[in-house]
Amino acid sequence: MQILGNLPGRGIFRLLRIDSTAARLIGLVLLGLLLAVRLADPTFVSNIRHQSFDLYQRMKPRVYQQLPVRIVDIDEASLKKYGQWPWPRTLLAELVDKLRAAGAGVIAFDIIFAEEDRLSPPKIAQDNPNLPSDIRAALAAQPPNEKVFAQAIANARVVLGQSSVRVASDSAEDRPVPDASFGARGGDPKPYLQQFPALVQNLPELEEAAAGRGVFSLSSDPDGVYRRVPLVVLVGDKVRLALSAEMLRVATGGNAFQFRVNEAGIDGLILGRLFPENADNLIRTTRNGRVWPYFTAIEDVGRYVPASAVLEGTADPAKLRGNLIFVGTSAIGLEDYRATPMAATMPGVEIHAQVVESILSRQMLVRPNYAITMELSALLAIGLVIIYLVPRMGAVWALVLAAGLQVLFAGGSVYAFTQHRLLIDATFPVAATALMFVALATANYIREEQQRQQIRGAFGQYISPDLVEQLSEDPERMVLGGETKELTLLFSDVRGFTGISEQYMDNPQGLTSLMNRFLTVLSAPVLEYKGTIDKYMGDAIMAFWNAPIEAEDHALRGCRAALGMIAELNALNAKRREEAPPGKVVAPIRVGIGINTGQCVVGNMGSELRFDYTALGDTVNIASRLEGQSKPYGLPIVIGENTAKLVRNSLAVIEIDLIRVKGKQRPERMFALLGDEELAGKSAFTEMVKTNLAMVEAYRTRAWKKARTAKNELAQLGRKSGVDLSEYLKLYEARIAEFQKNPPPRGWDGVYTATSK
């Protein structure tokens with residue numbers, strides 16, 4: 001940027017430094033707002049976080065294992081066989097008795113029995129006064145179904161389900177809620193527990209007969225998905241275990257359980273000796289006593305045993321003996337279905353079963369209390385890196401940086417889940433840093449656009465518009481120097497410009513207008529094919545391809561531009577004839593074009609006071625010499641050997657000579673570009689190429705008669721192809737005649753030495 005010190009506009013960059021600081025301040029304010037949003041954790045933020053955790057489970061669900069946890073399912077088939085729900089309590093007593101006889105460990109009902117059984121004989125007698133008195137007396141003398149059911153419950157280890165009430169009302173029970181026996185280490189757990197005002201309990205005689213009582217109520221997240229299940233809740237001021245936790249407490253001896261509490265909330269529960277081989281029997285929970293069950297992929301039939309099979313005695317004994325049995329329903333009509341991360345509908349009883357499976361297999365998902373701290377720290381760290389580096393980097397590298405940091409954290413989140421079942425949120429840090437990147441990248445874009453506008457205004461009067469545009473994109477390029485790369489060079493020059501000028505001796509403005517019109521017409525194809533116009537030299541143009549814009553097909557682009565220049569020039573000459581007054585002869589403008597491809601040095605060339613973007617090298621000189629040879633050969637477009645090799649399979653190209661141009665000792669093989677793909681595809685042109693090669697080879701081997709014969713055939717093929725080769729063939733006729741009269745010296749290599757540029 002040395003040159004900037006000598007030119008106006010230095011204050012621009014001082015202004016831009018202020019803009020960079022302002023961009024960083026904007027980034028810091030945005031980062032602070034994003035941190036505040038995460039701490040507030042509005043519903044839309046938590047929903048996205050939870051849905052990402054759902055995706056993790058669907059990506060890698062828990063593999064179902066044959067654990068001693070089963071569901072005795074009151075399914076559609078069981079209802080069809082034993083009648084609609086509710087079943088008589090005597091039938092449920094029979095179910096309990098058969099499960100006990102089969103060796104079931106603990107039986108937990110995901111069903112509440114809050115009212116008397118209407119199918120109980122005394123209840124039937126009471127509700128039907130019109131029955132014959134003897135029948136009513138016989139029914140009233142029978143034991144109530146609740147008594148039969150209570151006896152079955154007392155004979156087995158049964159846990160009855162209870163339902164929480166979210167809003168206290170007159171319909172809530174007045175019966176006191178007993179407090180569970182528990183201990184606490186580290187503090188009082190009650191302030192952290194999910195609280196309900198009341199509880200719906202079972203009939204007293206059933207509750208007294210049961211070995212345990214657990215709350216089976218589930219709470220969904222705001223989006224209606226059941227992801228977390230409480231192991232313990234607070235009803236009023238009484239601590240109550242959930243159905244799954246109560247089942248495990250009863251299964252391990254029925255003793256008191258223990259809370260472990262830390263400064264963040266509840267750390268976990270200890271429910272007896274669940275894992276005798278391990279001293280740590282802690283079941284980790286969230287700070288409010290809930291757990292994240294790790295769900296299996298689909299509902300597994302190995303987990304379910306139809307209730308009808310138990311009642312009929314056809315159930316697999318291995319699925320009952322020593323198992324923890326949940327009794328619930330999957331029957332659609334009973335509507336005990338919940339949306340979970342794995343399924344839109346899952347029986348509620350299966351959620352409790354999967355909780356117990358996750359605990360027993362020690363595969364519970366863990367959302368550690370420190371997760372929010374980790375996520376906020378990650379957002380803060382990545383945000384500060386982006387704020388510091390993005391204003392200093394280009395858009396591409398800034399994008400790579402931001403994407404790399406986001407992928408790194410998101411990958412760490414996925415790794416934590418797949419390897420350690422940890423739930424670490426990547427969505428908010430990734431989304432927040434993406435938002436910050438967009439904001440800072442937008443600030444970068446605005447700043448750079450201001451810079452471009454300032455540079456255009458400050459330097460446009462000193463250097464060429466092309467260089468100003470490049471400078472506005474990359475001010476660091478305002479230094480002298482270049483790079484070596486392969487270019488395709490094009491030179492064009494007007495033939496007979498002196499004669500045209502003489503027609504405008506008394507009208508210099510008319511000549512200027514014609515030149516501007518002519519150069520505009522010739523420049524259009526160069527720009528159409530993405531070329532760089534290096535300079536205008538009077539009536540001549542120098543252009544090149546593959547710099548500063550990369551183009552793999554630069555040779556083909558240059559040749560197509562040359563063909564376009566000839567076509568545009570022919571159209572201009574026709575229009576000039578139409579515009580001319582009647583009787584006035586308009587001299588057509590003709591050009592010669594030379595094209596060459598090779599290594600060049602391209603870049604800013606000149607002095608520290610004035611320079612231009614241009615190309616230098618032997619390839620440039622040869623392209624200029626080839627343009628000069630278009631006149632004696634009578635062919636509008638002459639191209640070098642390297643160019644011909646790159647385009648001969650696409651365009652109509654013929655070899656015309658081996659020449660030693662002025663100022664060069666090494667001979668150059670010259671070719672003529674005669675047309676596009678349409679001409680190249682004609683059979684007559686294919687014959688013309690062969691005949692032309694035969695003429696040139698005969699000429700170089702002094703077979704003059706053979707060369708003349710090929711020349712005559714070539715003239716016919718040229719007319720047939722619509723290609724004017726007259727001047728080219730006249731040149732070879734003159735050479736053949738001269739060499740027949742005055743043979744070339746011994747050792748002649750067939751190379752023609754040009755005497756003019």
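Every heavy atom of this structure was used, including side-chain atoms; hydrogens, water molecules and symmetry mates were not. Position 1 is the first residue of the sequence, and the numbers go up from there. These numbers come from a predicted model, not from an experiment.
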Check the pair Leu231, Leu241 against side chain to side chain contact (heavy atoms under 4.5 Å, CB included), reporting the backbone distance first and the verdict last. CA-CA 6 Å; Leu231 288 188; Leu241 283 176; 5.6 Å; no
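- With rounding to the nearest 0.5 angstrom, the CE atom of Met436 is 7.0 Å from the CG atom of Leu34.
- Although no hydrogens or angles enter the test, the distance criterion places no donor-acceptor pair under 3.5 Å between the side chain of Tyr226 and the main chain of Gly348.
- A distance-only check finds no donor-acceptor pair linking the side chain of Arg287 to the backbone of Asp267 [under 3.5 Å].
- Residues Ile359 and Met364 form a side-chain contact, since some pair of their non-hydrogen atoms from C-beta on lies under 4.5 Å apart.
- Ion pair Arg49/Asp41 flagged as a salt bridge, since at least one NZ, NE, NH1 or NH2 atom sits closer than 4.0 Å to an Asp/Glu carboxylate oxygen.
- Ring pair Phe259/Phe257 is perpendicular by interplanar angle, where above 60° counts as perpendicular and below 30° as parallel.
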Could you go step by step and tell me if Thr433 and Gln406 meet the side-chain hydrogen bond (donor to acceptor under 3.5 Å, both in side chains) rule? CA-CA 8 Å; Thr433 52; Gln406 291 169 337; 3.0 Å; yes
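- Annotation for Ser244 and His352: closest pair CB-O, 4.0 Å, computed over non-hydrogen atoms.
- Annotation: Arg185, atom CZ; neighbour count of heavy atoms from other residues, nucleotides and ligands within 6.0 Å does not exceed 12.
- Atom NZ of Lys147 sits in a sparse spot, with 12 or fewer heavy atoms from other residues, nucleotides or ligands closer than 6.0 Å.
- The distance from the CG atom of Leu243 to the CD1 atom of Ile112 is 11.0 Å, given to the nearest 0.5 Å.
- Residues Phe182 and Pro189 have side chains in contact (heavy-atom distance under 4.5 Å, counting atoms from C-beta outward).
- Between Pro368 and Ile424 the shortest side-chain heavy-atom distance falls below 4.5 Å.
- Minimum interatomic distance between Pro341 and Arg58 (heavy atoms only, all atoms of both residues): O-NH1, 3.0 Å.
- Contact detail for Ala307 and Leu95: the closest heavy-atom pair is O-CD1, 4.1 Å.
- Taking the centre of each ring, Phe326 and Phe216 stay at or above the 6.0 Å mark.
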Trace of the side-chain hydrogen bond (donor to acceptor under 3.5 Å, both in side chains) decision for Thr296 with Arg303: CA-CA 11 Å; Thr296 53; Arg303 184 184 286 122; 3.2 Å; yes
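- One finds the CG atom of Leu119 at 8.0 Å from the OG1 atom of Thr90 (value rounded to the nearest 0.5 Å).
- With sequence neighbours left out, Glu94 forms a side chain to side chain donor-acceptor pair (under 3.5 Å) with Lys98.
- Between Ile325 and Val106, every side-chain heavy-atom pair lies at or beyond the 4.5 Å cut-off.
- In terms of modelled atom types and a separation under 3.5 Å, the side chain of Thr252 and the main chain of Leu271 share a donor-acceptor contact.
- Using modelled atom types, one side-chain atom of Lys190 and one backbone atom of Asp237 make a donor-acceptor pair closer than 3.5 Å.
- Taking 4.0 Å as the cut-off between side-chain N and carboxylate O, Arg213 and Glu207 count as a salt-bridged pair.
- One finds the CG atom of Leu193 at 11.0 Å from the CZ atom of Arg290 (value rounded to the nearest 0.5 Å).
- Between Pro178 and Arg240, the closest side-chain pair of non-hydrogen atoms falls below 4.5 Å.
- One side chain, Ser219 or Gln194, offers a donor N or O that lies under 3.5 Å from an acceptor on the other.
- Rounded to the nearest 0.5 angstrom, Asp425 CG and Leu379 CG are separated by 10.5 Å.
- At a threshold of 4.0 Å, the pair Glu357-Arg62 counts as salt-bridged, since one of the basic side-chain nitrogens sits closer than that to a carboxylate oxygen.
- Counting heavy atoms of neighbouring residues, nucleotides and ligands inside a 6.0 Å radius, atom CD of Glu115 does not exceed 12 of them.
- Within the 4.5 Å cutoff, the side chain of Thr286 has heavy atoms near those of the Trp292 side chain.
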Asn155 and Gln151: CA distance, side-chain angles, deciding distance, side-chain hydrogen bond (donor to acceptor under 3.5 Å, both in side chains) verdict: CA-CA 6 Å; Asn155 293 337; Gln151 186 59 52; 3.0 Å; yes
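- Under a 4.0 Å N-O distance rule, the pair Arg228/Asp221 qualifies as a salt bridge.
- Formation of a donor-acceptor pair under 3.5 Å by the Ser217 side chain with backbone atoms of Ser163 is not found in this model.
- Side-chain contact between Phe417 and Lys60 is present, with heavy atoms from C-beta onward closer than 4.5 Å.
- Rounded to the nearest 0.5 Å, atoms CG (Leu248) and CG (Leu360) are 6.0 Å apart.
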Walk me through it: do Arg89 and Ser120 pass the test side chain to side chain contact (heavy atoms under 4.5 Å, CB included)? CA-CA 8 Å; Arg89 303 282 160 81; Ser120 180; over 6 Å; no
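- Arg421 places no side-chain N or O within 3.5 Å of a backbone atom of Ala416 that could act as its donor or acceptor partner.
- At a cut-off of 3.5 Å, with distance as the only test, a side-chain donor of Asp73 or Ser330 sits close to an acceptor on the other residue.
- Among all heavy-atom pairs drawn from Ala410 and Tyr56, the shortest one is O-OH, 4.4 Å.
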For the pair Ile386 and Leu31, evaluate side chain to side chain contact (heavy atoms under 4.5 Å, CB included) and give the outcome as yes or no after the intermediate values. CA-CA 10 Å; Ile386 289 176; Leu31 177 59; over 6 Å; no
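- Residues passing the ring pair (Phe, Tyr, Trp, His ring centres under 6.0 Å) test with Tyr415, sequence neighbours excluded: His420.
- Closest approach of Leu282 to Gly268, counting heavy atoms only: CD1-C, 3.5 Å.
- In this structure, Ser181 contributes its side chain and Ala256 its backbone to no donor-acceptor pair below 3.5 Å.
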Determine whether Phe428 and Ile48 satisfy the following criterion, side chain to side chain contact (heavy atoms under 4.5 Å, CB included), listing intermediate values before the conclusion. CA-CA 8 Å; Phe428 192 82; Ile48 294 173; over 6 Å; no
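- A salt bridge does not link Glu350 to Arg338: none of the charged nitrogens lies less than 4.0 Å from a carboxylate oxygen.
- Between Phe113 and Phe109, the ring-plane angle classifies as perpendicular under the 30° and 60° cut-offs.
- Although no hydrogens or angles enter the test, the distance criterion places a donor-acceptor pair under 3.5 Å between the side chain of Arg249 and the main chain of Gly254.
- Nearest approach of Ile153 to Leu206, heavy atoms of both residues: CD1-CD2, 4.0 Å.
- For the pair Asn202 (side chain) and Gly161 (backbone), a donor-acceptor distance under 3.5 Å is present.
- Residues Ile351 and Met346 form a side-chain contact, since some pair of their non-hydrogen atoms from C-beta on lies under 4.5 Å apart.
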Hey, mind stepping through Glu312 and Lys81 against salt bridge (charged side-chain N to carboxylate O under 4.0 Å, His left out) and telling me if it holds? CA-CA 11 Å; Glu312 294 168 356; Lys81 187 172 186 65; 3.2 Å; yes
